[in-house]
Structure formats: structure tokens, C-alpha cells
Amino acid sequence: MEEKYNALEIEKNWQDRWSREELFTIKENSDLPKFYCLEMFPYPSGRIHMGHVRNYVIGDVITRYKRMQGFNVMHPMGWDAFGMPAENAAIKHGVHPSKWTFENISYMKEQLKRMGLSYDWNREVTTCTPEYYKWNQWFFLKMYERGLVYRKASSVNWCPSCETVLANEQVIDEGCWRCDNKVVQKELEQWFFKITEYAEELLKDADTLSGWPEKVVTMQRNWIGRSEGVEVDFKIIDSDKKLRIFTTRQDTLYGATFMSIAKGHPLVSELVKDEKTLKAINALSDDPEEKEGVNTGFYAENPLTGDQIPIYAANFVLMEYGTGAVMAVPAHDQRDFEFAKKYALPIKTVIMPAKSVGAPLAGALTTGALTADTLTTGAPAQEEGHPQGEPLQAFEDYGVLVDSSQFSNLSSEEARAKIAVHLENKGMGKKVVNYKLRDWGISRQRYWGTPIPMVYCPSCGIVPVPEDELPVVLPQDAVLTGTGTSPLAEMESFHKTRCPACGGDAKRETDTMDTFVDSSWYFLRYCSPRSDDTPLDTEAVDYWMPVDQYIGGIEHAVLHLLYSRFFTKVIRDIGLVKIDEPFVSLLTQGMVIKDGSKMSKSKGNVVDPDFLIKKYGTDTLRIFCMFAAPPERDLEWSDQGVEGAWRFLNRIWTFIHKNHAVLTKKSINELKGLTGLTTEAAKLLRKTHQTIEKVTNSIERDYHFNTAIAALMELINEILSFKSSGDDSAVLSFSIKHVVLLISPFAPHFAEELWKEMGEEKSILHKEWPAWDEETAKDEEIELVVQINGKLRAKVMVPAGLDDEAIKEKAFSDLKIKEQIEGKQLKKVIVVKSKLVNIVM
RNA sequence: GCCGGAGUGGCGGAAUUGGUAGACGCAAGGGACUUAAAAUCCCUCGGUCAUCUUGGCUGUGCCGGUUCGAGUCCGGCCUUCGGCACCA
């Protein structure tokens, strides 16, 4: 009864049956421990690509494995459905973003179903529906109440191509995260989320993310960018004003020889009245390579030395960080050094490398920074071509203070602490903590997003939309032309409204929210996706959260993952969840590569999953994706590799069909112990138990599915070469059934079909994950490696479990070893239990 | 520049705590079956030398070290991929 493996038919049948029997529908009321497995939800761009396939198959394998392990597993899917491409499609093809989006969703949903992914579709969430985005608006209002939302005019990142604002996190290499076009700065008034309020906690709790890749945690820490220092006030000569600066290197305060302030600093316009100077300051270039400055003509007084030092407007000082002004210490800061060289400003050394202190020549350097020689040796010396004391670059390391009054001879570390205290005591400064993290600008001048629930009233000012008037519905009758301002701004029917406070004529906010707001809490919504009087049913959220395993691309290392952490903490403070962090474990899967670069439409190297599913079935595709590389690494696409996965499944298929009679004869679920078996059968049974162990450990340890599948291949190879020598049908049956069981998370339809054909009635989904028997898995004999001086010299088969003396004896009695050690003096013999003997001579 | 990964056959990749380097798969070569092809099955497969079987040497980016023993640990480089980048 030769029967061909007809993947397409089998897969269709099982998908129908799973859906009919609602096998993936899950409830909170279970005695089983919960497991929440989540893959980053897709943007409905049109079709599923190979990157999606990889991401979702990883999640599905974990889900199916955990389910068999006895967990109540939540595995939901949804759509990150607001965003630019829908608007672009609307402009290009005249189709409404809504229509385009929902058509894509229904097509992609069918694709996902064809892949046999075990989602609970009852929990599907679509962010562009009022039932969802209503709660974006609700959270916005709650955050507004808590002072976590504010409006301000500032210089913002503007993508000229997308015609919208971008958050700092959305600017990659000075380009737009979506379209790659160069981002420009634009002065604009917009809404901000005060993520900086949570900077400290986001940083502190990063330490608890032990299930995340260290790389991602580091990226988040760096992005938050905490630094401790002091703010110091410098008196401005001939003025009642002060110049406040921020520094982390207060130990270099005695070496400050000038001041630098940002060209946009308010003091510039307050102090400088001279037209020519002002013009020159405004003309300073933005090129980060070339340091430029203009002398303002004003002087500041160093609070510790009393020195009067010039104030320069400089192009390298950022208005957005610290106070927008810095003290310049050219001897110990490379930028200041270059600036000082350019404008012939004094360079005063106040820090020496620790090891050179006390060296007789130290005094030679008091008027300059370090020479080439001191940088490497710590002590100055004369070298051809370099006059002594000519500084080449700033010495930026910590060291020991010189020429710093009572702080001289202190280490930089001590001086930082003492000078900070000294400044505070004298009322000249205070300790502060600064962050690189900026508040999250969420206004977008786009149509296809969540309307911001705010109203502008001529008499009351900015008024929030009352909660009971939510949602502010995005109108469906917008006209998208692709030119001018946001469509909502041009729709009077939308923005003309009454003031919720005074009832007078008022105007709605016409900007929409950044779509990253939508994805910052969707994982919480899955827990109670249909609740309509609250965003989150607390009981359900308490049961499911946190997400136990999150899987997605590394590109969200700071963006989405940081925002989600922030939202979780805010929602906790609102009182709806109890957890501090949303994702216990994070798996960042690698890219899918073909011909040396990432699979993408623009590269023209895409392989269509649909095509492969039609040709081989989804199980082959799933096996290939899991086998070709461990999940966190890039996956090199190989058409022949897919062919190999197909052959692997067919070998199992054919074997079971050829031996059908034997395999259905006995229903064996547990078989252990080797007594009474033929040598061949014992070997196969042992291998089977070893394979259960290996596959389980590969998954448990780090989701290295490639080695799990490799172990299954080894077992099937052994089964295929098995020579029966008696009635071995029980062992054979046990063995092949376990191949099917162990492969079921990877190739679920294939496993279901064979499971049924081997006489099992219940779905393999109900079968628990098999356990191995330690005793049976133990090798009877081991291959003892015999080394002489660490070099492999012989291999001897010996019974397992021998003691050191017996092992030594076996090693020494090998003929080849005897020959080589004859007449030589032994130094020592090292025995590694049940592995090797090393004879040292 | 700073921070963090990664370098293993022709290729994708294996190798729990230092203990047989190259599992498993792909490609390649040879053979069987076939009128032929596909499919399938069997054999070979890091390099090199040899008395081409059961052997010797060599080999995990490079140089050095620790150790009886290093892909794995330490020091110094090289290459490469990410992230941040005037952050004071």
C-alpha cells in the first residue's frame, strides 16, 4: 500500500479539523500553569514574507511544545493596522486606506492559516478599529490627567517624504525609519509623552531583563544614556545674568579656559546686541565634522579660580542636552582642544596620568596638554619633529589633579565627589543626573491613525475630550490627495466641534497618534480583547501577563520594546496591571538572507512562501526554516535545503507506510529497560530514549531547533538501517511513534496524519510530550579515547561505568599503546571518567 | 571614536562545565536500479604525505600564553556585522 505524501490535502484536512474542534481556543479557567507566547504582530502590508514565516513558525513550535508539556498556552495574533502604506496606496490607487487594510488582513490571515499556525483567532486584535483605538485615546487622557502628556513647540524631526514628524527613536542614521529619506529639523508644536519621567525606572529595571539578549538590554541602557554630574553657575561679567553649564568632569574645572554655548541658547539673544556678531552666530554651520565658533565678546567668571574667560557660541554644543552650555577644558576634552587650537585659546593641564605624578618633568607641561610621548609612556620626553610640550590631543582619561588649589593631588574620582560637594556648599552648583532619552513626540500629521482626543477652544484653551465621548472616530469620508496638510485638517465636518467645557465653537486636534502607541499595549489587550467598558480586564491580565516568550526582529530593540516597557509602567501606575515589565523572555530572530543580502522586494531576491507551500506543503517549509539555522542567527536561504527537508519527511512517510502492518499491531506508549531484547533492538530503543532527551534539551536550553531536528534525522537514519532479528515490532513501533511525536511541533499536519494512520484516535495535540528513561538511555559501552601527551593514539570499546583503575588497565592493554610506551618513563596518567585516558611521558 | 556580537570544510551549521573538531543537512564525485531520465538506494567527501586498508603530520581568523590537554580560558592584534555617535 504505497501511498504518496500529499501534503496539500493533508494540511487542508487537519487545519479544518483543528478549527472545527476549536483546539486552539483557550480560557483563563485552567488548573494548568499558564504560558503566554507572543510574536510581534505584523503590519498588513499585503502578503506574508519569509521573515514573517520564520518569526511565526518559531512561535508556533514553542507554543505547540509548551502545550504538550502541559501548559495552558495563549498564542494570539493581530494586526498593527494603522500607518503610512495604507495612505500611500490610497493616493496611488484611489482605494480607501480602510478598504486596502482590511483586504490585506483577510488575505494574510488566510496565508497564516495555511501555515498551520495555532493561533486563537477569537482574540484577534486590529488596531485600526474604533474598538481598539478608543483605548489609545483613553490612555492618552489618563496620561494627560497624570501630567504625562504635554504640548510644546520644539525643533522636531521631519520626514519630507512622509510629510510627518518622527520620534527620536524613529530616526535611523539621520534617515526616516520607514522610507530612509533624510530627516530634517522643523519647528513645530506637538504632543509629547513624558517618557523621561520613567527614565530612571526604565534603566533600573533593565537589570531585571535576564531573559533578554544582553545586546538589546545594552542598547536600551545606552539609549536612555544616564550620566551623573553637576550644574555650575558661571557669573557673566558686566551683567546680572549667570551662565549655567552641565559637566560630568567637575574635576577639570580648574582647567576651564573658555565657555561654549549653543547658538540657539536664549542668552545669545539676550546678551549679544551687535548685529554683526549675531549674524555670524546664526551662520555657524551644522556640519558635525568642522568645529566652529564665534566670540560673543562676553566673559564669564570661573567660580573656583575667579578667572575671567571668554564666552563663545559654538556649533558643537547641543541646545537639547544638559543646559545648552558647557565649560571648555581644552586640555581634557578633544572637541574643546580642537576648538582652542583653531582660535588660539589657552590650554591648561589640570589632570595628569596617575603613573606620571611625581615624575621630575611633570612641571614642563603646565602650560600645555600632553605630548605624543606622555600619552604612551605617561612621562614626557623629547622626540624628533615634536617640540617639547607641544600638545597633540586632549588627555581625556581620569588621572590625578594638578594646579587645582586644595584639590591638587586628588584622583579624578575623589575630586569629582569633593568638588561637587564644595560647589553645593558655596551655592555655586548642584549635583544633577542627565539623560539622553528625550520625551516621545507622538503627533503625526497623517490621516490613517488614532485621532488625538483634544479640543482647542478660543476661550478655554486646550480641553480634553470627555471620556464618555470616546472614541473620537476617524471619519471614513476623507479625501487623500497626497498634497498639502493632513486630510483631517481640511475636513471641517471632523474638526468643527463644540468646546466640552463652555459649549462654544471649538476645533478638534487634527493630528493623529504615532502608530507605535498602538503597538505599545496590544499584548495586554489580547488578554481581554472584547471587553468594551475597560481597556483591560484586570483579572485576565493578571492571569496571563507577563508575556513569557516574545519573539520578533532586532529592529525593535529600542523603538517598540522601549515604548512597551514605558506603557506597561504607566498602565501599572494607572492601576490596571500589577507587573513592572511586560516581557520575561525575548528572542530576536535573525534575518532571512538570500544571495548575500536580506530578502526584500527592492533587492529582488524574495522567495514567496505561498509558492513553496503549494509545491511542498507548509510542513516542509516549517522544517527547513527551523533546521537551517538557530533562531537568533541569520538564515541563509537555500532552495536545495528545502528539497532536503522534503526528502526527510518523505523518508519517514514511506517507512511508516511500508511497515504499516507492524506499526499498528501494538499500541505502545511506554517502553523501557533493555532486558530480553536482541542487541539490535536494544540499540534502537536506547537511541530512541537518547533522542527524546536530546530533542527536549535542545528546545529547553535555548530553542535550538536545528539540533533538535538533527537528532530526529539521526534517529530516523538508524530506524531505516534497522535489521530485524526476531520479533522487534514493539521496539520499532515505539521508536517510530516517538519520531512522529517529537516532530509534531515542527510538522504538525504531517505528524497528525501519521499518528492517525498508526492507529491513534485522538489528535496528537492532546498527547503529552514524551519523557525519556535515564537507565535505558545510558550507553552500555563507551568508546574510550586513549591519548599520549594529549594526542589521540587509540580508541578502545569498554563497558560503561568502570572505575579509574579498570579504565587505565584497558588503556594500557591496547596493543598500539603498549608499543608506544614500551621502555619509557611515565610522568602521570590522567583519567576522565567514561571519556578518555591521557598518558603523559 | 565608544559599546556589543561574530570569525570552524565548497556551503548552512554541530561540539553542556577545557577532554575524539566537523554531528545533521546541502552541494560535489563514484556506483546500483532504469531503454533513458526523474525519484530512490549504496559508497566517498577538511588539507597533506604515505607501505592510499587499521597510519603519520597538520587543521576552528592571526601571534603569543596557561594546561597533561584549548574551537572553548587569558593577553595582544586582524577582519567583519550591528548599535550609538559632537550627550559635555
Side-chain angles (χ1 to χ4, degrees), chain A residues 172-174 213-223 225-227 229 245-250 252 260 286-291 314-318 320-329 332-336 338-339 396 434-438 554-555 557-558 591 593 623-624 627-630 632-645 647-648 650-651 654 694 697-698 701-702 704 706-717 720-721 783-795 815-816 827-833 835-841:
Chain A
I172 317 283
D173 278 340
E174 296 177 24
E214 189 55 40
K215 178 187 178 168
V216 176
V217 178
T218 305
M219 279 165 73
Q220 294 223 347
R221 284 200 190 102
N222 292 343
W223 188 262
R226 182 184 196 273
S227 60
I245 61 102
F246 172 72
T247 181
T248 56
R249 290 301 301 272
Q250 55 271 28
T252 65
S260 305
D286 289 325
D287 178 13
E289 289 304 310
E290 191 55 32
K291 311 243 171 319
N315 68 338
F316 64 87
V317 181
L318 302 171
E320 304 82 51
Y321 185 78
T323 61
V326 294
M327 65 172 189
V329 185
H332 306 295
D333 181 289
Q334 189 58 26
R335 289 158 307 180
D336 297 344
E338 284 167 30
F339 197 88
E396 296 187 312
N434 254 310
Y435 299 92
K436 287 189 208 173
L437 183 70
R438 298 275 80 92
I554 185 74
E555 65 272 19
V558 272
M591 295 181 295
I593 304 284
I623 291 277
F624 170 72
F627 179 64
E632 70 279 3
R633 267 212 245 181
D634 286 349
L635 184 153
E636 180 82 35
W637 187 265
S638 155
D639 290 327
Q640 286 105 334
V642 179
E643 202 75 46
R647 279 198 289 265
F648 166 56
N650 270 285
R651 275 199 294 273
T654 309
K694 220 169 158 184
N697 287 343
S698 290
R701 216 192 314 152
D702 42 18
H704 278 196
N706 54 330
T707 52
I709 293 171
L712 283 169
M713 286 171 169
E714 278 187 63
L715 179 56
I716 198 70
N717 288 346
L720 291 177
S721 59
E783 192 183 51
L784 182 70
V785 171
V786 188
Q787 299 181 328
I788 294 176
N789 293 332
K791 285 194 190 269
L792 176 68
R793 283 295 177 260
K795 293 174 182 180
L815 282 175
K816 263 195 323 225
K827 284 207 189 104
K828 64 172 151 177
V829 179
I830 286 150
V831 179
V832 180
K833 218 166 180 46
K835 261 207 189 105
L836 68 77
V837 174
N838 187 12
I839 301 163
V840 188
M841 303 192 295

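Hydrogens, waters and symmetry mates are skipped; everything else that's a heavy atom, side chains included, is used. In what follows, every chain begins at residue 1, and chains take the letters A, B, ... in the order their sequences are listed.
Nearer the 5' end of RNA chain B, as judged by each residue's closest nucleotide, is the contact made by A:Thr707, out of A:Thr707 and A:Lys436. Nearer the 5' end of RNA chain B, as judged by each residue's closest nucleotide, is the contact made by A:Leu720, out of A:Leu720 and A:Leu318.
In terms of the side-chain hydrogen bond (donor to acceptor under 3.5 Å, both in side chains) criterion, A:Glu320 has no residue partners (sequence neighbours excluded). Under the salt bridge (charged side-chain N to carboxylate O under 4.0 Å, His left out) criterion, A:Arg221 pairs with A:Asp207, A:Glu214, sequence neighbours left out. The ring pair (Phe, Tyr, Trp, His ring centres under 6.0 Å) check on A:Phe624 picks up A:Trp637, with sequence neighbours excluded. A:Arg438 is linked by a salt bridge (charged side-chain N to carboxylate O under 4.0 Å, His left out) to nothing, counting only residues two or more places apart in sequence or in another chain. A:Phe339 pairs by the ring pair (Phe, Tyr, Trp, His ring centres under 6.0 Å) definition with A:Phe258, A:Tyr312, A:Phe316, A:Tyr343, not counting sequence neighbours. Under the rule for a side chain to side chain contact (heavy atoms under 4.5 Å, CB included), the partners of A:Ile554 that lie at least two apart in sequence or sit in another chain are A:Lys215, A:Val216, A:Ala557, A:Thr588. Every side chain to side chain contact (heavy atoms under 4.5 Å, CB included) that A:Arg793 has, sequence neighbours left out, goes to A:Ile788, A:Lys791, A:Ile817, A:Gln820. For A:Lys436, the side chain to side chain contact (heavy atoms under 4.5 Å, CB included) criterion is met by A:Tyr321, not counting sequence neighbours. A:Asn697 pairs by the side chain to side chain contact (heavy atoms under 4.5 Å, CB included) definition with A:Glu693, A:Trp772, not counting sequence neighbours.
Annotation: B:U53 and B:G64 have their P atoms spaced 36 Å apart (nearest Å). Taking atom C1' on both nucleotides, B:G65 is separated from B:A70 by 11 Å, rounded to a whole Å. Taking the P atom of each, B:C52 and B:A38 are spaced 36 Å apart, rounded to whole Å.
The residue A:Gly322 sits apart from the nucleic acid: no heavy atom pair falls under 4.0 Å. Residue contacts for A:Asn434: at a heavy-atom cut-off of 4.0 Å it reaches no nucleic acid atom on any strand shown. Residue A:Arg647 is classed as a sugar-phosphate contact, given heavy-atom separations below 4.0 Å to backbone atoms only. If you check every strand for non-hydrogen atoms under 4.0 Å, A:Pro630 touches sugar and phosphate atoms only. Within the nucleic acid shown, A:Asp336 has no heavy atom closer than 4.0 Å to any nucleic acid atom. Counting any heavy atom pair closer than 4.0 Å across all strands shown, A:Val317 reaches a base atom. Nucleic acid contact class of A:Val326 (heavy atoms, under 4.0 Å, all strands): base. Within 4.0 Å (heavy atoms only), A:Ser227 reaches sugar-phosphate atoms of the nucleic acid but no base atom. Across all strands shown, A:Glu783 has heavy atoms under 4.0 Å from base atoms, whether or not it also approaches the sugar-phosphate. Among the protein residues, A:Arg793 comes within range of the sugar-phosphate backbone only, with heavy atoms under 4.0 Å from sugar or phosphate atoms but none that close to a base. Base engagement by A:Lys795 is indicated by at least one non-hydrogen atom pair under 4.0 Å involving a base atom. Within 4.0 Å of A:Asn706, counting heavy atoms only, lie sugar-phosphate atoms of the nucleic acid but no base atom.
Between the side chain of A:Asp336 and the backbone N or O of A:Val329, at least one donor-acceptor pair lies under 3.5 Å. Judged by distance alone, with hydrogens and angles left aside, the side-chain atoms of A:Asp634 form a donor-acceptor pair with the main-chain N or O of A:Met591 at under 3.5 Å. In this structure, the side chain of A:Gln334 does not engage the main chain of A:Glu396 through any donor-acceptor pair within 3.5 Å. Judged by distance alone, the side chain of A:Thr707 and the main-chain N or O of A:His704 form a donor-acceptor pair under 3.5 Å.
Remark: A:Lys215, A:Thr218, A:Met219 in residues 214-222 of chain A come within less than 4.0 Å of RNA chain B through at least one heavy atom.
Taking every nucleotide of RNA chain B with any atom under 4.0 Å from a non-hydrogen atom of chain A, the first and last of them, 5' to 3', are B:C3 to B:A88.
B:G18 adopts an anti glycosidic conformation, its chi angle falling more than 90° from 0. B:C62 shows a glycosidic angle more than 90° from 0 and is accordingly assigned anti.
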Requested in this report: Kindly express the pairing pattern of RNA chain B in dot-bracket notation, using | wherever a base pairs with another strand and counting only Watson-Crick or G-U pairs under 3.5 Å.
Outcome: (((((((..(((......[....))).(((((.......))))).((((.....))))..(((((..]....))))))))))))....

